[in-house]
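Below is one structure; the comments refer to it alone.
Excluded from the calculations below are hydrogen atoms, water molecules and symmetry mates; all remaining heavy atoms, backbone and side chain alike, are included. Letters A, B, ... mirror the listed sequences (proteins, then strands); counts begin at 1.
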Amino acid sequence: MAENVAQIQTDYLGQMRAKRVMNMILLILFVALMMLGFYTADARNAGGFWQGWHNILDFPGDVVSEAVTRAHLLPGYFLKYAPSLLETINIAGAATLLGAILGLIASLLATRGLAPVGWITGPVRRVLDILRAVPEIVIALILIFLLGGGPVPAMIAIALHTVGALGKLFSEVNENASLKPVEGLASVGASWLQRMFLGVVPQVAPNYLSYALLRFEINIRASAILGFVGAGGIGYDLRNTMSWGQGKLDEAAAIFLLLFATIVLVDQLSSHLRDRLTHGARVKGARQ
Amino acid sequence: MSALVIKQQTGRLFVIKRLQAFALPAAIFAYLAYVFVAFDMAGLKDRVSVSNMTTLVSDTYSYKTHVTQDNRTGNITIAIEGEKKGRYAQGDSPDWVQLGDNTSVDLGDGHIVTLGPDVSYTVPGYGVISATPGKRGVNAVLPAGETPEWINASKNRISITTDAGRLTITRNRTEVFRYFTGWELFFFTLDSPFHGKSFAQLVSSGEYAAIWQEFWSNKMWRHSDVAWALAETVLMAFLGTFGAAMIALPVAFVAARNFTPLGSARFVVRRLFDFLRGVDGLIWTIILSRAFGPGPLTGSLAIMLTDTGTFGKIFSEALENVDGKQIEGITSTGAKPMQRHRFGVIPQITPVLLSQVLYYLESNTRSATIIGAITGGGIGLLLTQAIITQKDWEEVTYYIILIILMVMAMDTFSGWLRGKLIKGGAGGH
């Protein structure tokens, strides 16, 4: 018996040691990969890290000093760029809305048990995968070539990506929805549309809304970035003032501030709303 | 009495519900209508460039070979897509061009163009179009009858577009385009000894190293540069994501209520996370590229800064939700704080952390493509460069396919790793 226990103990310790060695090897491998990665990235960068790191505050310094010396102009700039900011927000808003509507339909088609015909789930899922895999900038740049600059290419590009992203998340939510209401509705002769909108959507609407809000946060950022490559909105103004350089950096500072404030505000607002959607209104103020 | 009240209340509730059911679609519709006006969608149809669209679509699956004659010297150059990289050597020609005093270009289906001092184009079912370009115009002679719409003729210029190809004659230059399906010179350029050889010939030649070398250094498609660009993009995503996770994990303990009783420290760290997230990748990219110049390092650091904020928030929330019992149990065995964290907390949050980090790895591959387009590194840069030329759409298509495959591969990889690490119970590092 005692021998047996000793045996178990040595086995256990041996296993632990093997596991620890394995973890150690993995850790060393990981650290080596990271270091090699940074080394490669540094070598392929135009300017190296060690030459550049002490310049890192130069540009923000320039921006801040220009903004401070001409601080009295900032409110005027805020007004000047408010329409562009609104455009950026509208691009994100419209794209999220369109993406959510199309994503909702796609998600119902991509969920087994809810799709009107079984074979359609596979193809719809593949389409969603592809939509999700294409970065917005690809579609946006091509549409800019076809449609000219402006907010529409950005809106379409972001909306398509949103369909892919939300379609997948929505269909995961749909899978957890109870099928009983759907069966009930089917038994009284409801059509597919009625079954979906009366049986499924009310169950999953809070989750949908929460995901859509999260997507809106992401899309605001995407919309600003797409502006930077020529799709209108505040990103476009930012690029113009930045490429002007010294003398317009105070305007760049104003745009930075607007963008920062918008992103933080939308983040906070949506996180508050999402919190209420998942936990209900009762736990108000429980977090942060 | 009370039944009546309930009935009234229910009635009112139903009216409200019914109104709500209409109000939501109405609000959505109103917003979309507003956006429609604000974005000037009605004016869009004037801005759509149909010619750009046809160029784009036809270029993605076909290419054209230019046969150009300088009308003053009589010199003929043959070049694929009119590019220097695709030019045939002097005196060399594809089999559908017969070089000579009167060069004959066979466009297929009986369409024959003869170049020389006199240019002629035989169009089956229509007749022979001839021209003698010189100082006083192109002197085109068309068959009798009305000029069809595919011929655009004036004194100094005539252009003929048929299904087989296209002929443009000006006073100084005669140019013939012939279209082919496929991507030109994808494997070997014209100057390569392996150009035009079949797969069987290549295999039987046995010169695998040389074949690979020629393919890899293809000047038209730059396969090695593309491979490097893809690797750079993945590298940016990898370094950014894992670097951010490694920084955010220890700092997240400070931001979690149950680990840091000191409110002010918590506040500072949380605001720092909010700041990093709020400034956003775009602005970080701009700031960093001013210091480090364009390249993958700038992209990695930009992703790292943004995601440190994101991870910090996610991790600290996960830490606040850990079960205290496990920590208590570890404490009861006399564990020190470090050990309590290592064995009481980390195993609980590892699945959440890993699945988040791996999810961001995939999403950051896309971000890295976008950041590359702004900051000049990776596949994003190649893609924007190809789009800016506005003619290399076959390369654009190629890059897009590669990007989609790259993102899907990263998605599969991160999913596989997630399954392996979380279900395998390895507990991470």
Side-chain angles (χ1 to χ4, degrees), chain A residues 19 22-23 26-27 30 33-34 37-38 40-42 44-49 52-53 55-56 58-60 87 90-91 93-94 97-98 101 129-130 132-138 141-142 145-148 150-152 155 221-222 224-225 228-229 235 238 242 256 259-260 263-264 267 287-288, chain B residues 28 31-32 35 38-41 44 47-49 52-53 56 228 232 235-236 238-239 242-243 270 274 277-283 286-288 290-300 317 366-367 369-370 373-374 376-377 380 383-384 387 390 396 400 403-404 407-408 411 426-427 429:
Chain A
K19 198 179 159 188
M22 199 60 210
N23 276 349
L26 275 176
L27 187 66
F30 179 75
L33 256 175
M34 288 290 287
F38 267 112
T40 317
D42 192 35
R44 292 186 71 83
N45 216 55
F49 182 77
W53 72 271
N55 299 333
I56 202 161
D58 287 1
F59 177 65
E87 187 165 81
N90 273 336
I91 291 172
L97 201 55
L98 288 175
I101 294 170
D129 284 345
I130 290 175
R132 219 172 37 249
V134 189
E136 293 106 336
I137 200 165
V138 173
L141 284 173
I142 290 175
F145 174 66
L146 296 180
L147 308 177
V152 182
M155 186 191 74
R221 292 153 188 258
I225 287 188
F228 204 80
V229 298
L238 179 63
M242 291 260 314
F256 278 139
L259 203 55
F260 179 69
I263 289 174
V264 170
D267 274 16
R287 246 184 223 170
Q288 278 196 327
Chain B
I28 291 175
Y31 180 68
L32 287 181
V35 167
F39 288 180
D40 188 23
M41 301 266 228
L44 202 61
R47 280 176 279 153
V48 173
S49 162
N52 282 358
M53 207 172 285
L56 193 155
W228 258 112
E232 272 184 11
L235 185 69
M236 280 191 242
F238 173 78
L239 291 180
F242 286 103
R270 280 190 184 182
D274 284 346
R277 246 165 359 109
V279 171
D280 193 36
L282 170 65
I283 299 174
I286 294 170
I287 293 175
L288 290 171
R290 290 282 166 136
F292 300 129
L297 181 74
T298 308
S300 314
E317 277 170 11
R366 256 176 291 111
S367 309
T369 314
I370 297 175
I374 300 170
L383 181 76
T384 34
I387 289 180
Q390 304 215 333
V396 174
I400 292 176
I403 290 172
I404 296 178
V407 175
M408 285 184 162
D411 194 14
H429 309 297

Does Ser300(B) reach the main-chain N or O of Pro296(B) with its side chain, forming a donor-acceptor pair under 3.5 Å?
-> yes

So what's closer than 4.5 Å to chain A heavy atoms on Arg47(B): side chain, backbone, both or neither?
-> both

Using non-hydrogen atoms only, which part of Leu383(B) is less than 4.5 Å away from chain A: side chain, backbone, both, or neither?
-> side chain

Go through the atoms of Met242(A) and report whether side chain, backbone, both or neither lie under 4.5 Å from a heavy atom of chain B.
-> both

May I ask you to name which of Ile403(B), Ile283(B), Thr369(B) has the most heavy-atom pairs under 4.5 Å with chain A?
-> Ile283(B)

With Asp411(B), which residues qualify under side-chain contact (heavy atoms from CB on, under 4.5 Å), at least two apart?
-> Arg132(A), Glu362(B), Ser414(B)

Chain A contact via Val35(B) - side chain, backbone, both or neither, heavy atoms under 4.5 Å = side chain

Between Met236(B) and chain A, which part of the residue has a heavy atom less than 4.5 Å away: side chain, backbone, both or neither?
-> neither

Before giving the answer on side chain to side chain contact (heavy atoms under 4.5 Å, CB included), spell out for Asp267(A) and Arg221(A) the whole-Å C-alpha distance, their side-chain angles and the decisive distance to 0.1 Å.
-> CA-CA 11 Å; Asp267(A) 274 16; Arg221(A) 292 153 188 258; 3.1 Å; yes

Is it the side chain or the backbone of Phe228(A) that comes within 4.5 Å of chain B heavy atoms, both, or neither?
-> side chain

For Ile404(B), is it the side chain, the backbone, both, or neither that has a heavy atom closer than 4.5 Å to a heavy atom of chain A?
-> both

Side chain, backbone, both or neither: which part of Phe260(A) has a non-hydrogen atom closer than 4.5 Å to chain B?
-> both

With only heavy atoms counted, which part of Phe292(B) is less than 4.5 Å from chain A, the side chain, the backbone, both or neither?
-> both

Measuring heavy-atom distances to chain B, does Leu97(A) have an atom under 4.5 Å in its side chain, in its backbone, in both, or in neither?
-> side chain

Contacting moiety of Leu32(B), where chain A heavy atoms sit under 4.5 Å = side chain

Segment of Asn90(A) engaging chain B (4.5 angstrom heavy-atom cut-off) | both

Side chain, backbone, both or neither: which part of Leu98(A) has a non-hydrogen atom closer than 4.5 Å to chain B?
-> side chain

Chain A heavy atoms under 4.5 Å from Ile287(B): which part of the residue, side chain, backbone, both or neither?
-> both

Checking Ile387(B) against chain A: side chain, backbone, both or neither under 4.5 Å from a heavy atom?
-> side chain

